[in-house]
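Have a look at the structure below before the remarks.
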Amino acid sequence: MRNAIDLSVDVGGLRIRNPTMLASGILGISYEVFKRVYEAGIGAIVSKSISIDPREGYKNPTVLSVECGYLNAVGLSNPGMDAFSKEIANNSDIPIVVNLVGSTENEFVSMVKKFDHLNVIAYELNLSCPHVEKVGLEVGDDPELVHKIIRGTKSNTKKPVITKVGLGASDILDIARVSKEAGADGITAINTIRAMAINTETGIPFLSNRIGGLSGKAIKPIAIRCVYEISKEIHIPVIGCGGISTWEDAVEFMLAGASAVQIGSAIGNKWLKVFTNITRGISAYLEKKGMKNSMELVGIAHKY
Ligand SMILES: Cc1cc2nc3c(=O)[nH]c(=O)nc-3n(C[C@H](O)[C@H](O)[C@H](O)COP(=O)(O)O)c2cc1C
């Protein structure tokens, strides 16, 4: 019988119907949009980073298309935890992962307390945004603080807690190791990478914040390396992210050790069909290889 393929995956207790997830920050926080994305066949949806209080973010221009992807410095604009908890208050069946951003253990704990009674399936802690002061990478570069935040968050929820890491001053493997020791259930690797572009006519940097984060095709080989090393050396479930736009990209991340993948920039030109193309492609690949389950792909490259 054709299609006895099981696409579902488990990432540190986070169980989803297929390995595809919407990356944080790409389609905002509207529940109506989440519904449409889920109906398009995605495994799970990660919200834009949510902070305790609303954040305005930076002035435009905040996003720039470059030859190898996108540069962005949005500034973590979001309506804050009260407004977002109202937005998703009536969720019954959409697998939403809430991405949280903050500077202290107390902030993360307060946010988890705010969301924990709602129908959300996990938390992703943004410890890796590369262009906003006092949050993101500045937190992720401080192993003691990372430990405290994860311990605090974990002791206030039974839901999986995933740490989102990136390329900062600390070794990504050290932050992954600390995350595991503190009880994180998984790691998302990677966030955007600090980068910039300058208008050669005027000499003015394109982004209002000057420095932003690079996403898309250019960062894929770096992200593959991070997923490979984290899963091989730290032995913690990994969600791969960075430059995925085809099913071949997704399979490559899984071979490197990712149990699921997040897609961000590719939505810019492929819109929601990117998810159906990826799940169909993974299914056909598994069938061709005589495999029955997505999880069989995870970490195959570690053998060589
Ligand atoms: C416009 C934009 C906004 C983003 N906002 C967030 C965010 O709020 N929180 C976060 O953790 N990552 C954010 N990211 C990073 C993405 O979730 C993802 O890690 C990164 O873009 C790499 O994946 P991609 O190459 O598929 O886009 C953002 C990326 C972009 C392009």
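In each ligand, atom 1 is the first atom listed, and ligand 1 is the first ligand listed. The chain is numbered in sequence order, starting from 1.
For the pair Met81/Ser51, no side-chain contact is recorded, criterion being any heavy-atom separation below 4.5 Å from C-beta on. Between Leu214 and Tyr70, the closest side-chain pair of non-hydrogen atoms is not below 4.5 Å. You'll find the side chain of Lys217 reaches within 4.5 Å of the side chain of Asp249, heavy atoms only. Looking at heavy atoms from C-beta onward, Asn191 lies out of side-chain contact with Val165 at the 4.5 angstrom threshold.
Of the heavy atoms in Ile26, only side-chain atoms (C-beta onward) come closer than 4.0 Å to ligand 1. Heavy atoms of Asn78 found under 4.0 angstrom from ligand 1: none, in either backbone or side chain. With a 4.0 Å cut-off on non-hydrogen atoms, Asn99 touches ligand 1 through its side chain and not its backbone. If you look at Asn191 next to ligand 1, the close heavy atoms, those under 4.0 Å, come from the backbone and the side chain alike.
For the residue pair Glu56 / Ser77, no side-chain donor-acceptor distance below 3.5 Å is found, with atom types taken as modelled. A donor-acceptor contact under 3.5 angstrom links the side chains of Ser265 and Ser215, judged on distance only. A donor and an acceptor atom, one from each side chain of Ser47 and Asn99, are nowhere located under 3.5 Å apart. A donor atom on one side chain and an acceptor atom on the other are not found under 3.5 Å apart for Thr62 and Asn72. Side-chain atoms of Thr104 and Asn106 include no donor-acceptor pair closer than 3.5 Å. For the 3.5 Å distance criterion, the side chains of Asp116 and Thr157 qualify, holding a donor opposite an acceptor.
Contact between Gly243 and ligand 1 is present, with at least one heavy atom of the residue lying under 4.0 Å from the ligand. Contact between Gly242 and ligand 1 is present, with at least one heavy atom of the residue lying under 4.0 Å from the ligand.
The protein non-hydrogen atom at the shortest distance from atom 20 (C) of ligand 1 is Thr192 CG2, 3.7 Å. Among protein heavy atoms, the minimum distance from atom 8 (O) of ligand 1 is reached at Lys48 NZ, 2.9 Å. With respect to atom 9 (N) of ligand 1, the closest heavy atom belonging to the protein is Ser49 OG, 2.8 Å. The protein heavy-atom contact nearest to atom 21 (O) of ligand 1 is Ser215 CB, 3.3 Å.
Nearest-heavy-atom check against atom 29 (C) of ligand 1 across Leu127, Val46, Asn72 picks out Asn72. With atom 14 (N) of ligand 1 as the reference point, the heavy atom nearest to it among Gly25, Ser245, Ser24 is part of Ser24.
The pair Arg177-Glu181 does not count as a salt bridge, with every side-chain nitrogen at least 4.0 angstrom from each carboxylate oxygen.
In terms of polar-atom proximity, Lys164 is counted as a contact of ligand 1, with an N or O under 3.5 Å from an N or O of the ligand. Geometrically, ligand 1 and Ser265 share a nitrogen or oxygen pair separated by less than 3.5 Å. Checking only distances, Gly264 does come within under 3.5 Å of ligand 1, N or O to N or O.
Ring geometry for Tyr285 against Trp247 counts as tilted: the plane angle lies between 30° and 60°, on a 0 to 90° scale.
Annotation for ligand 1: atoms under 4.0 Å from non-hydrogen atoms of Leu76 are 8 (O). Taking a cut-off of under 4.0 Å to the non-hydrogen atoms of Cys241, the atoms of ligand 1 that pass are 18 (C), 19 (O), 22 (C), 23 (O). Heavy-atom proximity to Asn126, at under 4.0 Å, picks out these atoms of ligand 1: 9 (N), 10 (C), 11 (O). Contact atoms of ligand 1 toward Ala23: 17 (O) (distance under 4.0 Å to a heavy atom of the residue). Every atom of ligand 1 is numbered from 1 in the order shown, and the set under 4.0 Å from a heavy atom of Ile190 is 19 (O).
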